[in-house]
Every structure is written in structure tokens, then in C-alpha cells.
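To find a chain, count down the sequence lines: A is the first, B the second, and so on, and within it residues start at 1. Only heavy atoms go into these numbers, but all of them, side chains included; no hydrogens, no water, no symmetry mates.
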Amino acid sequence: MKYDPKTFENKWKEKWLNDKLYKANFEDTKSDKFYSLYSYPYPSGAGLHVGHSEGMVANDIMARYWRMKGRNVIYPMGWDSFGLPAENYAIKTGVPPQKTTDDAVVTFKEQINNLGISIDWDTEVGAHWPEYYKWTQWIFVQLFKKGLAYKKKASVNWCPKDQTVLANEQVINGKCERCDTEVVQKDLEQWFFKITDYADRLDKDLDKVDWPDSTKATQRNWIGKKTGINIDYKIENTNKILTCFTTRPDTNFGVTFIAVAPDSQFVKDNIQIFPNKEESQKYIDETSKKTELERLQEGKKKTGAFTGLYAINNLNNKKIPVYLSDFVLANFGTGALVGVPGHDLRDFQFAKTMGIEIIRVVKGADGDESEITEESQVQEEQGAMINSDFLNGMNIHEATKKIMDYIEEKGWGKKVVNFRIRDWLVSRQRYWGCPIPIVYDPEGNPHAVEESDLPILLPTDVDFRPTGESPIARSEEYKKRAEEKYGKGWHYEADTMDTFVDSSWYFFRHIDANDSEKAFDSAKADYWLPTDLYMIGAEHIVLHLLYSRFFTKFFFDEGIVNFNEPFYKMRHMGIISGPDGRKMSKRWGNVINPNDEIAKYSADTVRMYEMFMGPLADPKPWNDRSENGVFRFLNKVWDLSNKISSTEGGGTPRLPSGMDDPKLLDQLRLVHKLIQKISEDTEILSFNTAIAKYMEFINAISAFEKIDKTVWETFLKVLAPYAPFITEELWGKLGNGYSIHTQKWPEFDPELIKDEVITMAVQINGKVRGTIQINPEAEERDAMDKAKADEKINKYITSDVRKVIYIKGKILNIII
RNA sequence: GCCGGAGUGGUGAAAUGGUAUACACGGCGGACUUAAAAUCCGCUCCCCGUUAAGGGGGUGAGGGUUCGAGUCCCUCCUCUGGUACCA
């Protein structure tokens with residue numbers, strides 16, 4: 001009979017589901033556990049794509065492997081089901097987001113099951129389920145109570161097309177990450193989470209986790225920890241102080257101006273006393289009209305206005321003019337900077353434009369001490385100090401230390417650490433999200449909704465069309481609900497939460513998904529978390545991780561959990577491009593749908609091909625022909641099952657002692673080596689090489705007339721995590737009880753993986769001249785004898801042997 | 001600019017400092033077939049050599065460390081991901 005997956009894949013899928021074969025054991029809190037987590041997908045109408053399946057299969061192989069190794073495994077799945085696409089679809093078609101989403105979830109589940117992904121569906125969660133978002137709201141309330149959720153009027157990024165606020169992280173080059181529309185600035189009352197309180201820990205604790213270095217670097221970059229000093233400058237003829245943040249106080253003798261952000265607090269407070277008040281106001285008005293994009297596009301072209309104020313540099317009592325300029329950011333540092341045009345490119349550009357003096361305080365390349373007139377002379381990163389009084393001669397790093405201490409001693413400033421990261425803006429003026437559990441009294445003061453009154457359900461009587469105001473503000477039912485509950489004039493917050501709030505804690509809910517009393521059980525969380533393998537697309541490495549880590553640390557501080565990092569080991573799957581090498585897209589017609597591939601070949605083929613394509617993390621193109629190669633492999637596996645010798649195997653494990661059949665010994669050697677290699681490769685997620693080893697095994701074993709039954713059954717067990725369907729089917733056909741997936745992972749016998757002879761390369765002066773057959777444990781003398789006995793090698797030994805390098809089992813190198 | 005990652009056959013890719021190119025695809029030749037598909041067998045880095053026996057070269061470029069380098073170090077080039085008036 002031929003390999004015909006259609007006759008059994010569906011059967012096993014149904015049976016595994018009905019039997020709940022992959023149920024996590026929540027009673028067990030002692031065994032080693034394995035939490036296999038795939039970043040919960042957004043259930044889009046397009047269904048599962050090959051990127052999803054790639055990550056899910058990787059998680060699945062690990063889950064299946066560790067189950068067979070005896071660990072208590074949880075492999076949950078959930079839905080990132082709030083968000084813009086469903087809402088935009090509703091605006092276009094009138095179909096409620098609820099329906100679109102629920103339909104998509106059905107499709108996703110079906111597809112996941114078709115691939116044989118071993119999900120415990122009892123742990124399913126969905127961001128849009130009231131029983132889930134009740135607890136998202138509960139978390140908001142906890143943050144609010146601790147002062148970590150707060151409201152403020154802020155200049156925010158506004159997308160005119162989506163009609164909503166965007167987080168800094170969602171603005172790419174001044175454009176909306178979702179629709180590419182130019183983002184504008186708008187002043188609005190918004191809810192924020194105070195993630196900046198956690199900035200230092202978010203940076204430091206990256207040392208604890210096993211993540212790709214690039215991911216850690218990106219996180220660190222985003223957090224942007226900067227050590228520097230805030231220096232106070234007296235403003236001449238006033239009692240005002242202007243504080244500037246700098247990381248390079250070593251260059252302070254080269255300061256020739258101060259620049260202040262036009263929208264900074266200092267300017268707002270003191271514009272009245274600016275000698276050049278009118279000119280300043282004009283500049284402020286001009287710059288406030290610019291969009292983020294315009295500001296960026298100006299690039300090197302600096303603009304500014306002189307305030308008429310002068311600050312005093314305590315170091316040398318020099319008068320420094322104070323300017324306004326929009327290259328200074330109001331929300332970094334103190335919103336003001338000391339300008340050192342000789343040693344900062346931007347300061348140089350500004351000084352040139354405004355005609356400000358430039359002083360060299362660091363020697364240039366090759367000790368250049370000449371006047372700085374060209375951009376290329378601006379020395380930033382290294383060098384020795386000059387024109388700097390007591391700092392002269394020191395390198396910039398020494399000088400930085402020295403002057404920081406000096407300024408602090410004198411009381412002119414204070415060392416500080418600054419972060420690039422901003423508080424997390426969570427308000428969204430959209431419908432399809434988690435309602436913010438805040439109610440306003442008639443005076444407009446916000447109050448947290450009582451925990452017993454959660455969840456605040458999303459109203460259904462809304463008009464989805466965006467107007468810039470949250471759609472649920474126009475719900476009559478929502479208005480009435482608040483007034484009935486709290487009295488006339490009271491109303492609920494009409495904004496919803498950023499969907500990143502939903503996804504920042506879903507992995508906590510998975511381990512206690514049906515708890516109606518609390519968000520999750522602490523003891524369960526302490527047992528199951530942190531996750532043991534988190535697969536996530538490289539596109540999520542900034543926001544989602546930062547926010548999830550923030551929540552985890554908050555829970556830790558609240559005493560809810562005893563760990564402070566949620567994801568121990570994390571890996572990324574590389575993006576799969578179309579067969580033409582281009583990004584998969586409807587536009588190019590190169591989208592591969594896992595469903596079609598399953599129909600064409602089999603679920604096992606799709607699984608194994610996706611793992612065989614290359615290293616998990618690498619980007620790689622789809623290749624239908626290579627996929628066919630994996631299908632051929634599975635066909636061979638199927639066909640070889642007909643070569644089982646039932647008389648020889650008999651189901652009793654054989655040991656090498658007393659073995660009389662050399663062929664059986666050879667087969668045992670093959671399969672035990674396979675166990676070893678597959679275990680190794682699987683544990684380090686080297687799935688592509690593991691599959692190559694299955695293929696080598698099949699190529700080698702097919703040379704035998706008959707295959708021992710025990711050997712074959714061992715092979716099936718070892719293949720089971722990668723190809724769950726065919727192995728289950730063949731396992732049963734050989735008369736074994738259901739299910740192969742609950743079998744114990746075979747252990748290899750160390751005696752059987754040793755080679756008796758290996759082929760060793762022999763080098764003469766480092767050049768390979770031949771090979772010898774030798775026992776890997778043999779001594780140097782044996783190796784030399786064998787080498788000399790080999791005519792091809794011996795003919796190169798033309799003079800006295802000066803030195804011999806012999807490494808057992810590796811190499812013989814003869815130096816003459 | 002800054003921070004990552006990567007450059008190996010026609011292609012996807014393998015190689016704890018130890019025979020570079022495993023495994024697979026594709027290609028070529030053969031078997032089976034009326035034929036095709038499927039399947040099976042052989043060859044397949046480049047150059048010289050008659051197809052052989054033999055050599056020689058070769059992992060983006062150039063240096064270095066080493067008995068020995070795709071792998072480690074330095075300089076550079078290219079591609080790629082992220083990020084950017086962050087003081």
C-alpha cells in the first residue's frame with residue numbers, strides 16, 4: 001500500500017483532540033515542566049500563514065520531544081483578537097468585529113489542528129473574550145492604584161487616517177506603522193503607564209535571559225540608558241536656573257551656546273522674561289506647526305532663535321548665549337543642551353548657521369590642534385583634551401570622570417541616568433479594544449471602576465466610523481449604563497486600550513485560563529513560568545517584549561509572582577519569502593498557504609519541509625521542489641515499513657552482548673547514533689540538521705534486506721515529534737498500542753554509538769595526503785605504522801620526521 | 001551615522017580549530033516503461049590530465065595566529081535587519 005496521508009491524518013487529528021492527548025497536568029507541580037509558547041496570533045481573515053506554521057511547528061517539536069522525555073508540558077494557544085483590521089473591515093462592510101474575529105478564530109484553530117500542533121485547547125484565551133478582558137481591566141486598575149496608570153495632557157502622535165493616537169514605538173520615520181500616513185502632533189488627554197519607573201530594571205535584567213544577542217541589543221537600544229550629568233546654569237541678571245543634561249561634560253570648556261527646546265517647560269515658564277520675547281514667540285509658533293516628518297527631513301539644516309538670555313559657565317565664568325532650537329527635544333534629558341560645536345556634529349551645524357564661536361577642546365586625528373572650520377574636523381569619540389585648564393592632556397574618558405566629580409563637588413550639578421524610553425501611551429480612540437475601566441464623576445475626576453464591577457463590557461450599539469473621538473463615546477447604552485450605576489453626569493472613559501496591553505499578560509492567563517476568581521493563580525504561575533521556549537517573529541522584539549517584561553516586574557513587585565522575567569529562552573523564526581524570493585504578498589501572487597500544501601502533500605511534509613528549509617532564525621525562500629524532497633523521504637519511510645522482519649525483532653530490545661547477527665548489530669548502531677544526534681539537534685533547535693540525519697538513516701537502513709522490528713520502532717519514536725501523523729499510523733500498523741506520542745523517548749546505549757574504525761585523514765606538513773582506517777582509541781604508534789604502510793602516504797615522507805601531531809580520533813599530521 | 005546579523009557549489013544549505021561542500025533540490029547519464037510520470041542506480045566545486053592514474057586551486061578581499069583556519073584576531077568590501085537631531 002502506498003503512503004496516502006489522506007487516509008489517516010484526519011483520523012488521528014480527531015482522535016488526538018477528542019482524547020485531549022496533549023493536556024497539561026495541572027495537578028503535578030513537582031516534575032520538570034516545559035512551557036512552549038508561540039506568540040499568540042492576530043486572527044486575520046486570511047488565515048494562518050507559513051510564518052505562523054513555522055514557529056508553531058518549532059514549538060510543537062519541542063513540546064512533543066519534552067513530553068516523551070517525561071516533562072510536564074504545556075503548549076497553549078490564544079488570540080490577539082482586538083485591533084484595527086477587524087474594525088476597519090467593519091467600517092467598510094458593516095460586519096461587526098466580533099463576528100469577523102470569531103469566524104477567523106474557527107479557521108485558525110482548524111488550520112492549527114490540521115498541522116498536528118499539539119495544543120492543549122483547554123488553555124485557550126482570546127483578548128476579546130469578556131472573561132479575558134475583565135482581567136486586563138483588573139490589571140489596569142492595579143496599575144492605577146499604584147500610580148502607574150495616569151492621565152496627562154500630552155502632545156501625542158496622531159494618525160489622521162486611522163483617527164487614533166499612536167505610541168512612539170508605532171511611528172516609523174514620522175509615519176504610521178500601519179497605514180504609512182504622515183503622523184501629526186496633537187495635544188490630548190491620554191492614559192499612560194509609567195514604564196519609565198522600570199527602565200533600569202528592564203535594561204539590567206536582560207542579563208538573566210537566553211535570547212538572541214541582537215534582540216537584547218535592540219531592547220537595550222530602545223531603553224537607551226545614558227549616564228551623564230545635569231549641570232545647573234545661572235541665567236544672568238535673573239534668579240533663574242537652566243539645567244542641561246550632558247554625557248560629555250569633559251568638553252565643557254568648549255561650550256559656546258545653550259539650546260533649549262521651543263516646547264520645553266523652561267520656555268513656557270520664562271518666555272515673559274526673554275529679552276527677545278517676540279522673536280522667540282515667532283520661532284515657537286513656526287516650529288509648532290511643523291510635522292514630525294518635516295522636522296526629520298530638515299536633517300542637517302538647523303534653525304533657531306536667540307532668546308536674549310545669557311547663562312554663566314561656572315568653570316570659566318564665561319557668558320553663554322541661550323538659543324531656542326527645534327533640534328533639541330523637549331522630552332529628552334532636561335529639554336536643554338550645552339552646545340559644544342567643536343565636538344558634536346549637530347552643535348557644529350547649529351553654530352555654523354547661527355554664527356556662533358567654535359572652540360577646540362579635544363585634539364583631532366594625529367594631534368591636530370588647528371581651528372575647527374569644517375564638519376570633517378569635528379572630533380567626537382576619542383582624543384586628548386586641550387584648552388581645558390586642569391583637564392589638559394587627559395583622554396576624554398578620564399576627563400569625563402574627573403570633571404563629573406569636580407562639578408558635583410562644587411555643587412554645580414548632579415550625576416544622573418537618563419533613558420530614551422518614554423511612558424507607554426495606552427489610550428486609543430477606537431472601538432475594537434479593551435475598554436478602560438475608569439469612570440468620571442460630573443466634575444471630570446477619574447475613578448477606577450470597582451473590581452467587583454468588572455468587566456466593563458464593550459457596548460454593541462456603536463457606529464464604527466472614526467471621527468477622532470472614540471466610537472463608544474457615542475453609544476447610548478454606554479452612557480445610560482454609567483448613569484444608572486453611578487448617577488447623573490457620570491460617564492465611562494470612552495477610549496480603549498492599546499492592544500499591546502492585552503498581549504502583555506496572555507501567557508499568564510494560559511496557565512489558569514478558566515479561573516473566574518482571579519487573573520491567574522500565583523502558585524501555578526510560579527510553577528509554569530517563565531516560559532521555556534518562546535517563538536516570536538522578529539517584528540515583535542521591541543514593544544511586546546518590553547511591555548510584557550514591565551507587567552511581569554509589576555506583578556513581582558505586587559507579590560503576585562516570584563519571578564521577574566517572563567520569557568527565559570526565546571528564539572525567532574526567519575521570514576519566509578515567496579518562491580520568487582520576494583516578500584509573500586497578494587500583490588505578487590506568491591503567497592503560500594499551509595492548507596494548500598497539506599492538500600498537495602501531507603501535514604507531515606509541510607511540517608518537516610518548513611523545518612528543513614534552513615536554520616530556524618534565517619530568512620529563507622519557499623521552494624516547492626525541495627518540499628517534494630521531504631515528501632519523497634516520507635514515502636520512503638512508509639515503504640520501508642514493509643521490510644520489517646517480524647521474526648527477528650519480536651519487540652524485545654536487543655543488547656550487543658550475545659549478538660550473533662552482525663547485520664542486526666549494524667542496524668542497532670545506526671539507530672542508536674540516530675537517537676543521540678536527534679536528541680542533540682532537537683534540544684538546540686537545529687531542526688534542519690536533525691532532518692538531514694533522518695534522511696541519512698533512511699538511506700543507510702534501506703541497504704538492508706530486512707529491518708529489525710525493534711530498530712524500526714525506535715526510529716518511529718525518534719521521528720514522532722517531527723512527523724506525528726505518519727509515525728502514529730505506522731506505529732499502530734506494527735501492532736503497537738496507541739499512542740506513539742505518549743511513549744518514552746528512547747535512550748541510546750553508549751557502547752553502540754562508538755565506532756570501531758574510523759577513516760582518519762593523514763596530513764604531511766598540513767596537507768591531506770591520504771586516509772587510514774583506524775580505531776579512534778588507537779595510539780600514535782599504530783597510526784604512524786598504518787600511515788607508513790600506506791604507499792600513497794608513505795611516498796610523501798621523503799625526509800626525517802621532525803614532529804608528529806596526533807589527536808585520537810581526529811587527525812594525524814606528520815611534519816617533515 | 002550608530003547597533004546587530006550574514007557572505008561557502010547552479011539552488012536551499014552542512015562542518016566542537018582537524019579529509020570543506022553532509023542532507024536535499026536541480027542537472028547529466030542509465031534501468032524500468034510503447035511512452036510519460038513515479039521509482040531505482042551512477043555522476044555532479046573549479047582547473048590541468050584522454051574517460052584514467054595523478055596533480056593543483058578553492059569558503060567576499062588582504063594580512064596575522066596555528067602543525068593545521070570556513071571557523072580565532074586585525075584591516076577592508078558587499079548584502080541585510082533594526083534605529084536615528086537622544087545632547
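- Toward the 5' end of RNA chain B, the nearer of the two residues A:A217 and A:A761, judged by each one's closest nucleotide, is A:A217.
- Across A:R549, A:K225, A:Q219, A:R220, a single residue satisfies side chain to side chain contact (heavy atoms under 4.5 Å, CB included) together with A:L202, and that is A:R549.
- At a cut-off of 3.5 angstrom, counting only N and O atoms as typed in the model, there is no donor on one side facing an acceptor on the other between the side-chain of A:K693 and the base of B:rC23.
- Candidate nucleotides B:rA22, B:rA87, B:rC3 were compared by shortest atom distance to the side chain of A:E696, and B:rA22 ranks first.
- For the pair A:D200 and A:K204, the salt-bridge criterion is met [side-chain N within less than 4.0 Å of a carboxylate O].
- Note on residues 677-690 of chain A: pairs passing salt bridge (Lys or Arg N to Asp or Glu O under 4.0 Å), not counting sequence neighbours, are A:D681-A:K693.
- The phosphate of B:rG26 has OP1 or OP2 within less than 4.0 Å of a side-chain N or O from A:R625.
- Checked by atom type and distance alone, the side chain of A:D232 never pairs as donor or acceptor with a backbone atom of A:G413 at under 3.5 Å.
- In this model, the phosphate group of B:rG54 is not approached by any side-chain N or O of A:R769 to a distance below 4.0 Å at OP1 or OP2.
- Taking the centre and axis of the six-membered ring of A:F327, the NZ or CZ atom of A:K302 falls inside the cone set by 45° and 6.0 Å.
- For A:D213 and A:I811, each mapped to the nucleotide of RNA chain B holding its nearest heavy atom, the one lying further toward the 5' end belongs to A:D213.
- The side chain of A:K226 contributes an N or O atom lying less than 4.0 Å from OP1 or OP2 of B:rA87.
- B:rG1 atom P lies 13 Å from atom CD of A:E375, rounded to whole Å.
- Applying the Watson-Crick and G-U wobble criteria (two distances, each under 3.5 Å), B:rA22 pairs with nothing in any strand.
- In this structure B:rA52 sits in no base pair that meets the Watson-Crick or G-U test at under 3.5 Å.
- Taking a pair to require two hydrogen-bonding distances under 3.5 Å in either a Watson-Crick or a G-U wobble arrangement, B:rU39 pairs with B:rA31.
- Between B:rG4 and A:N221, no contact under 4.0 Å exists linking OP1 or OP2 to a side-chain N or O.
- Figure legend. B:rU83 is base-paired to B:rG1; pairs are counted as Watson-Crick or G-U wobble with both atom distances under 3.5 Å.
- Look at B:rU8: it lacks any Watson-Crick or wobble partner with both distances under 3.5 angstrom.
- Of the possible polar contacts, one joining the A:K620 side chain to the A:D618 backbone as a donor-acceptor pair under 3.5 Å is found.
- An OP1 or OP2 oxygen of B:rG55 is reached within less than 4.0 angstrom by a side-chain nitrogen or oxygen of A:K795.
- Among the nucleotides B:rG12, B:rG18, B:rA22, the one closest to the side chain of A:I805 is B:rG18.
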Under 3.5 Å, which N/O atoms of the protein pair with N/O atoms of nucleotides 39-46 of chain B?
residue, atom, partner, partner atom, Å
B:rU39, OP1, A:R632, NE, 3.4

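- Between A:K352 and A:D347 no salt bridge is recorded (no basic side-chain N to carboxylate O distance below 4.0 Å).
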